Number of protein chains: 2
Amino acid sequence: MSPTTIREVAKYANVSEATVSRVINKKGYVSQETLKQVEDAIKHLNYKPNEVARMLYKKKSNTIALLIPDITNPFFPELAKAIEEVAKKKGYVVVLCNTKSDPEIEKKYVTELTSKYIDGLIIMNQSCEDTVYQNLPFSTVFLDRVDKNKSSYIAVQNQEGGKLATEHLISLGCKSILHLSGPSNIITAVERAEGYQTAMKQHGLLIETKECKYEADYAYQMSQAIFKDGNRFDAVFAGNDLIAAGVLRAAKEIGINVPNDLQIIGYDDIDLCKYTTPQLTTIQQPIYLMGEKAAELLIEKIEGVYDVRDSNYLLPVTLMARGSTKPLDSI
Amino acid sequence: MSPTTIREVAKYANVSEATVSRVINKKGYVSQETLKQVEDAIKHLNYKPNEVARMLYKKKSNTIALLIPDITNPFFPELAKAIEEVAKKKGYVVVLCNTKSDPEIEKKYVTELTSKYIDGLIIMNQSCEDTVYQNLPFSTVFLDRVDKNKSSYIAVQNQEGGKLATEHLISLGCKSILHLSGPSNIITAVERAEGYQTAMKQHGLLIETKECKYEADYAYQMSQAIFKDGNRFDAVFAGNDLIAAGVLRAAKEIGINVPNDLQIIGYDDIDLCKYTTPQLTTIQQPIYLMGEKAAELLIEKIEGVYDVRDSNYLLPVTLMARGSTKPLDSI
DNA sequence: TTGTACGCGTTATCAT
DNA sequence: ATGATAACGCGTACAA
């Protein structure tokens with residue numbers, strides 16, 4: 001069944017297409033009488049304006065796109081939810097694109113979106129070159145990444161987060177702390193690792209970093225290998241909560257007591273943290289706030305009548321102490 | 001920067017728009033010489049065809065949409081991932097729409113999508129009336145729901161799953177089994193509950209069902225209330241894994257030993273199951289297969305030159321026994 | 001207050 | 001082999 005067009009409505013109501021258009025968009029003058037006729041016709045024919053034709057004319061789609069690295073990592077859906085709520089409130093539809101942190105896929109999405117009249121794009125965890133994002137015909141906001149090109153961004157204090165986690169472990173008496181970092185093509189992962197390194201150096205401790213993926217199963221297997229011939233660490237700072245969950249599982253299965261023999265800190269504070277045993281201590285990111293600010297900033301840029309200069313946010317992180325580390329007062 | 005149009009390319013290459021179109025679409029004749037000219041122009045001007053204009057003409061978008069009840073429930077992202085992989089392989093882009101199981105939102109998405117030339121729609125956990133899905137100008141596939149209107153669907157043996165879980169608990173000696181079901185406006189939740197009821201009746205046991213939400217935190221709080229003045233159940237069959245995780249957490253915090261004093265079975269087999277302590281016994285759904293079949297069936301319907309009669313799949317479920325229930329041989 | 005006519009960027013049909 | 005041109009469905013000057 002092909003949908004009704006404005007033409008059919010016009011014919012049915014005995015008016016011109018222009019008049020129907022005026023009714024739909026509530027623009028220009030139209031008499032009470034014809035108004036009613038047209039509205040009846042619209043209802044009777046169940047007419048909905050064709051959004052594609054509208055887009056073509058207006059070069060606007062009321063759509064914003066979201067580049068997500070991994071839809072199965074709970075952190076991103078939580079973020080997407082926040083973005084979606086703000087966007088919907090302002091009349092925008094959100095489209096989710098799963099990049100898998102693959103630079104090629106990411107790039108392809110950007111070029112495809114370019115020819116689809118999206119109004120704006122939020123990039124989380126950029127993994128491809130900056131050039132891809134230059135001279136785009138729509139507004140962009142980078143989430144979770146500090147500025148390189150003066151474009152707008154929402155960033156989180158990743159270095160501080162890494163430092164915070166590490167120093168907490170150190171203050172709990174840990175000397176041998178392993179950092180299982182996220183992939184090195186993700187800026188935030190690198191920044192967290194830098195925070196870890198800074199803290200370790202300041203306390204004269206040995207830096208030990210292994211690159212991991214942001215996947216629980218991957219971290220689990222990696223940890224099994226690490227613990228295989230005895231555990232020589234007294235703590236692990238995980239690049240995110242999924243990694244932390246993997247470490248925890250491997251440790252418990254091999255008989256390492258957490259937090260007594262091994263302390264673990266994650267990153268993000270996703271729901272999962274509260275459902276492991278012990279619960280995961282983690283660096284909390286203000287997930288909802290991040291999404292909210294990103295959406296608000298983007299929409300401001302899209303609709304800005306005045307020249308919205310690129311504004312940026314640097315959001316704070318917090319330590320959430322739970323059972324996978326010892327209580328501070330136990331020291 | 002507004003993108004290059006076919007007109008500018010034509011002008012630059014000293015040919016007509018039609019010729020450029022032929023080059024882009026590799027249709028019709030075009031001499032080697034002009035081909036090269038046009039290709040150069042395209043490269044030089046960095047021209048990308050405007051997908052919106054194409055859509056308008058072709059009434060096709062190479063896009064399929066996905067109605068997801070809750071993006072923060074890990075089951076759905078896992079499913080979406082499978083769908084996306086198949087779709088991408090066949091040249092389709094996938095758009096995710098988060099309905100929150102709200103009939104109004106769901107309905108609104110469907111009408112909005114109607115005017116956007118999507119080629120197909122996959123509905124997971126339908127929550128609004130069937131009428132919304134009648135006479136749509138695109139193909140549809142229902143996932144996780146048994147047919148009402150002879151439309152295509154991928155369904156899972158939900159009643160069997162409910163029965164399987166319940167009978168497993170019974171064979172482990174449980175007499176007093178609580179079912180924390182999903183929302184009653186979701187068909188699959190109702191079916192699972194029916195399976196539970198059937199099994200309980202067959203064994204002459206007392207049916208106790210409480211309606212819950214598919215959210216861990218909600219289930220956690222609900223369980224706290226249930227356990228508050230002593231636990232009178234020896235098992236809980238949870239409507240999904242998130243609920244199971246909530247029950248488990250509440251039980252442990254209140255000092256109930258799982259599985260000795262309380263056995264728990266979830267549903268879905270999401271990743272989370274392996275990261276709780278004890279790990280969650282659950283009814284495994286073939287998540288990847290479900291997504292794959294749904295995508296394949298939809299694309300078949302979209303592209304079907306021959307008359308694709310509505311075909312359906314009824315997929316099986318499996319019991320995954322883990323630590324939240326006792327080993328069978330312990331009885 | 002309403003209708004006519006053109007343009008949005010592309011594809012396809014028909015001439016040439 | 002190539003170029004006009006209508007059409008896809010809609011919105012808006014402009015004219016009436």
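So that the names make sense, note that chain A is the first sequence line, chain B the second, and so on, each numbered from 1. Values in this document were obtained by computation on a predicted structure and should not be read as measured data.
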Report task. Return the 5'-most residue of the pair A:Tyr57, A:Val52 with respect to DNA chain D, ranking by each residue's nearest nucleotide. Result -> A:Val52
Report task. Identify whether any heavy atom of B:Glu51 sits under 4.0 Å from a base atom; if not, whether one sits that close to sugar-phosphate; answer base, sugar-phosphate or nothing. Result -> nothing
Report task. Determine to 10° how strongly the helix from C:dT1-D:dA16 to C:dT16-D:dA1 is bent, judged from the axes of its five-pair ends. Result -> 50°
Query raised in the report: Can a side chain N or O of B:Thr19 be found less than 4.0 Å away from OP1 or OP2 on D:dT2?
Result: no
Query raised in the report: So does B:Ser16 get a side-chain nitrogen or oxygen closer than 4.0 Å to the phosphate oxygens (OP1/OP2) of D:dT2?
Result: no
Query raised in the report: Without hydrogens or angle criteria, can the side chains of A:Tyr133 and A:Glu106 be said to hold a donor-acceptor pair below 3.5 Å?
Result: yes
Query - Stretch residues 25-41 of chain B: residues that reach within less than 4.0 Å of DNA chain D through a heavy atom - result: B:Tyr29, B:Val30, B:Ser31, B:Thr34
Query raised in the report: Could you state the CE-C1' distance from A:Met55 to D:dC10, rounded to the nearest angstrom?
Result: 12 Å
Query - Centroid separation B:Tyr214 to B:Phe75 less than 6.0 Å - result: no
Query raised in the report: Rounded to whole angstrom units, what separation is found between the CD atom of B:Glu17 and the P atom of C:dT13?
Result: 17 Å
Requested in this report: Output yes when at least one side-chain N/O atom of A:Lys59 is less than 4.0 Å from OP1 or OP2 of C:dG9, else no.
Outcome: yes
Report task. Indicate whether OP1 or OP2 belonging to C:dG9 is found under 4.0 Å from a side-chain N or O atom of B:Lys48. Result -> no
Query - Whole-Å gap separating C1' (D:dG9) and CG (A:Leu56) - result: 9 Å
Query - Distance-only donor-acceptor check, side chains A:Tyr109 and A:Asn98, under 3.5 Å - result: no
Query raised in the report: Checking all strands, does A:Val20 fall into the base, sugar-phosphate, or nothing category for heavy-atom contacts under 4.0 angstrom?
Result: nothing
Requested in this report: Measure from NZ on B:Lys116 to P on D:dG9 and round the result to the nearest Å.
Outcome: 18 Å
Query - Short side-chain donor-acceptor distance under 3.5 Å, A:Glu78 and B:Thr72 - result: no
Query raised in the report: Does a nitrogen or oxygen in the side chain of A:Arg54 sit under 4.0 Å from OP1 or OP2 of D:dG11?
Result: yes
Query raised in the report: Could A:Lys81 and A:Glu84 be called an ion pair, given the rule that one side-chain N must be under 4.0 Å from one carboxylate O?
Result: no
Query raised in the report: Has B:Ser21 got a side-chain N or O lying under 4.0 Å from the OP1 or OP2 atom of C:dT11?
Result: yes
Report task. May I ask you to check whether B:Thr111 and A:Lys48 show a side-chain donor-acceptor distance below 3.5 Å? Result -> no
Query - Side chains of B:Arg54 and B:Asn25, donor plus acceptor under 3.5 Å - result: yes
Query - Between A:Tyr117 and B:Glu51: side-chain donor-acceptor atoms closer than 3.5 Å - result: no
Query raised in the report: Once you round it to whole Å, what is the distance between P of D:dA6 and CD1 of B:Ile6?
Result: 17 Å
Requested in this report: State which of D:dG9, C:dG9, C:dA12 makes the closest approach to the side chain of A:Ala53.
Outcome: D:dG9
**Report entry** Separation of D:dC10 P from A:Tyr117 OH (nearest whole Å)
**Finding:** 17 Å
Requested in this report: Measure the distance from NZ on A:Lys60 to P on D:dG9 and round it to the nearest whole Å.
Outcome: 24 Å
Report summary line: Shortest non-hydrogen pair, B:Ser115 vs A:Pro49, comes out as CB-O, 3.2 Å
Requested in this report: Write down the distance between CZ (A:Arg22) and C1' (C:dT4), rounded to a whole number of angstrom.
Outcome: 10 Å
Requested in this report: Answer with yes or no after comparing the ring centroid distance for A:Tyr153 and A:Tyr313 against a 6.0 Å cut-off, counting only values under it.
Outcome: no
Query raised in the report: Quick one: the side chain of B:Arg7 and the base of C:dG7, do they pair up donor-acceptor inside 3.5 Å?
Result: no
